[in-house]
Amino acid sequence: MAISDSLQATKHRIAAACVAAGRPPEAVRLLVVSKTFPASAVREAFAAGARAFGENYVQEGLAKVDELADLRGQIEWHLIGPLQSNKTRPVAEQFDWVHGVDRLKIAERLSEQRPAALPPLNVCLQVNVSGETSKSGLALDEVAALAHRVAALPRLHLRGLMAVPEPGPGALAQHRTMATLFDTLKTEGLALDTLSLGMSADLEDAITAGSTMVRVGSAIFGTRA
Ligand SMILES: *Cc1c(COP(=O)(O)O)cnc(C)c1O
């Protein structure tokens, strides 16, 4: 399927899931995950109307930002993979969003290194909602304390939470756990607007639970090598 067709099909899935959940379709943003796909694929998706792109690996993401420099200002670049503290500077300089923040040290470095000429860097805290030892992210009971500290950093804009629930029969419950945590933080006074939840396989569950941003790769670009 051409990228423009699979992008449209994905938008239809999102809209249908919103209708089924009684939510307005504009309540959910689509982040197109372009990891492992070349800059030419991003260009094709951009031409078909996509504007927000997610990359997992810092080096690969920076290379694509560079290759697509002519679209800078029109594309919003999101880092959705893990970030080590020795790689924060180029990320603070080149990306618009970072979804995988799970340590204060990383957040502090991003805030210090965010160039003054740019708006504050948008961040989401990553939550390990499934508790799998292989996954990064905060434990559920660690989230609130870090959220309040990150919200106070001057060059960051804490937007919300991100998670990758474990596929399987317990998935919807994990999506709902994330939505509850997101609501709790808002009642604690944090001005959050982004629940980054749902991928190609589980975006319907995520939208049912309350996701505001789904991160979709393979349903748009095809299976990764
Ligand atoms: C790869 C990836 C996605 C996209 O996954 P698909 O199954 O290809 O839609 C979303 N979020 C994260 C964190 C990822 O690593």
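In each ligand, atom 1 is the first atom listed, and ligand 1 is the first ligand listed. Here, residue 1 is the first one in the sequence, and each next residue gets the next number. Scope of the values below: all heavy atoms of this structure, side chains included, with no hydrogens, waters or symmetry mates.
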Query raised in the report: Which pair of heavy atoms, one from Thr212 and one from Thr194, lies closest together, and at what distance?
Result: OG1-CA, 3.2 Å
Query raised in the report: Counting heavy atoms not belonging to Arg51, are there more than 12 under 6.0 Å from its CZ?
Result: yes
Query raised in the report: What residues form a salt bridge (Lys or Arg N to Asp or Glu O under 4.0 Å) with Asp183, not counting sequence neighbours?
Result: Lys186
Query raised in the report: Can you name the residues that form a side-chain hydrogen bond (donor to acceptor under 3.5 Å, both in side chains) with Ser196, not counting sequence neighbours?
Result: His99, Arg215
Indicate every side-chain donor-acceptor pair of residues 80-90 with a distance under 3.5 Å to a residue at least two apart or in another chain.
residue : atom : partner : partner atom : Å
Thr88   : OG1  : Ser85   : O            : 3.2
Thr88   : OG1  : Arg109  : NE           : 3.2
Thr88   : OG1  : Gln113  : OE1          : 2.6

Report summary line: Counting only non-hydrogen atoms and a 4.0 Å cut-off, the residues near ligand 1 are Val33, Lys35, Asn56, Ile80, Met162, Met199, Ser200, Arg215, Val216, Gly217, Ser218, Arg224
Query - Ring geometry between Trp97 and His78 (parallel below 30°, tilted from 30 to 60°, perpendicular above 60°) - result: parallel
